[in-house]
Amino acid sequence: MSENSPGKWGQMNVSQMFKHCDLVLQVALGKIELPRINPLFEAIGIMTKMEMYVFNNGIPRNMPTFQKLIVNFECDFDESKTNLLKTLEEFRTACKNNILPDHHRLFGNMTEKDWQFLEYKHLDHHLKQFNV
């Protein structure tokens, strides 16, 4: 898959999941910039965001992932967990101060509520996936 399109990846372990969730939160904090994607992918992302609101469902299983957010290398459990908790606290502070970006490459225009909802759904999806 190209760098500019969401890709699929195999199984990850809990440490890798913590790192992946950390990276996803860093997108919201503006620390990681995602590449431009095909407008069709963005249209699908926007519809997925609306569907999640309407039906209050979670992240669709096997949803494609940006290459920059794929963790296919070994991670230390304690370090990954600690870093995720630290980034989560930064995200909480950014939410409180209303300093989150107004756009996401996949999900389109974003409000503070959108970021909070989607980050919650993403984290919930993976924590349930691993029963942690």
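The analysis underlying the following values was restricted to heavy atoms, covering all of them including side chains, and did not include hydrogens, waters or symmetry mates.
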Notebook entry, point to check: Out of curiosity, Cys21 SG to Leu69 CG, how far, rounded to the nearest 0.5 Å?
Noted result: 10.5 Å
Margin query: Once rounded to the nearest 0.5 Å, what's the spacing between atom CG of Leu106 and atom CD of Glu42?
Written below: 7.5 Å
Next item on the list: Provide the closest heavy-atom pair for Ile46 versus Phe107 in the form atom of the first, atom of the second, distance.
Entry: CG1-O, 3.5 Å
Next item on the list: Identify the two heavy atoms, one from His125 and one from Ile59, that lie closest to each other, and give their separation to 0.1 Å.
Entry: ND1-O, 3.7 Å
Next item on the list: Would you name the heavy atoms of Phe41 and Ile37 that are closest together and state the gap between them?
Entry: CB-CD1, 3.6 Å
Check: Quick one: which of Lys19, His20, Gln26 gives a side-chain hydrogen bond (donor to acceptor under 3.5 Å, both in side chains) with Asp22?
Finding: Gln26
Next item on the list: For Leu100 and Ala28, work out which heavy atoms get closest and say how close.
Entry: CD2-O, 3.4 Å
Note to self: Can you tell me how far apart CG (Leu29) and CG (Leu23) are? Round to the nearest 0.5 Å.
What the structure shows: 11.5 Å
Note to self: Would you say His126 and Gln129 are linked by a side-chain donor-acceptor pair, where the criterion is simply a distance under 3.5 Å?
What the structure shows: yes
Check: Using 4.0 Å as the upper bound for N to carboxylate O, is an ion pair formed by Glu33 and Arg105?
Finding: yes
Notebook entry, point to check: Do other residues, nucleotides or ligands put more than 12 heavy atoms under 6.0 Å from the OH atom of Tyr120?
Noted result: no
Item checked: Whether Glu79 side chain and Asp76 backbone form a donor-acceptor pair below 3.5 Å -> no
Next item on the list: Determine, stepwise, if the pair Met12 / Val71 fulfils side chain to side chain contact (heavy atoms under 4.5 Å, CB included).
Entry: CA-CA 8 Å; Met12 62 180 157; Val71 179; 5.7 Å; no
Item checked: Whether over 12 other heavy atoms sit under 6.0 Å from Glu89 CD -> yes
Check: Is it the case that one hydrophobic cluster holds both Val27 and Ile44, taking links as side-chain heavy atoms less than 4.5 Å apart, direct or via other members?
Finding: no
Item checked: Derivation and outcome, side chain to side chain contact (heavy atoms under 4.5 Å, CB included), residues Tyr53 and Lys113 -> CA-CA 11 Å; Tyr53 269 121; Lys113 180 183 172 188; 3.8 Å; yes
Item checked: Donor-acceptor under 3.5 Å (Asn97 side chain, Ile99 main chain) -> no
Note to self: To the closest 0.5 Å, what do you measure between CG (Asp102) and OG1 (Thr111)?
What the structure shows: 10.0 Å
Next item on the list: Enter the distance from Phe18:CZ to Asn13:CG here, rounded to the nearest 0.5 Å.
Entry: 10.0 Å
Item checked: Hydrophobic cluster membership, Leu85 vs Val24, 4.5 Å side-chain cutoff -> no
Note to self: Atom CZ of residue position Phe55 - does it have more than 12 heavy atoms of other residues, nucleotides or ligands inside 6.0 Å?
What the structure shows: no
Note to self: Between Trp115 and Met110 (side chain of the first, backbone of the second, donor and acceptor by atom type, cut-off under 3.5 Å), is there such a pair?
What the structure shows: no
Check: Taking all non-hydrogen atoms of both residues, which atom of Val132 and which atom of Met17 are closest, and how far apart?
Finding: CG2-CE, 3.8 Å
Next item on the list: Considering non-hydrogen atoms only, spot the tightest contact between Cys75 and Ser15 and give its length.
Entry: O-CB, 3.4 Å
Check: Any salt bridge between Lys31 and Glu90, counting N to O under 4.0 Å?
Finding: yes
Next item on the list: Using the six-membered ring wherever Trp is involved, compare the ring planes of His104 and Phe66 and label them parallel, tilted or perpendicular (cut-offs 30° and 60°).
Entry: perpendicular
Notebook entry, point to check: Going by atom types alone, do Lys121 and Asn56 pair a side-chain donor with an acceptor below 3.5 Å?
Noted result: yes
Margin query: What's the separation between atom CG in Leu118 and atom CG in Asp114, rounded to the nearest 0.5 Å?
Written below: 6.0 Å
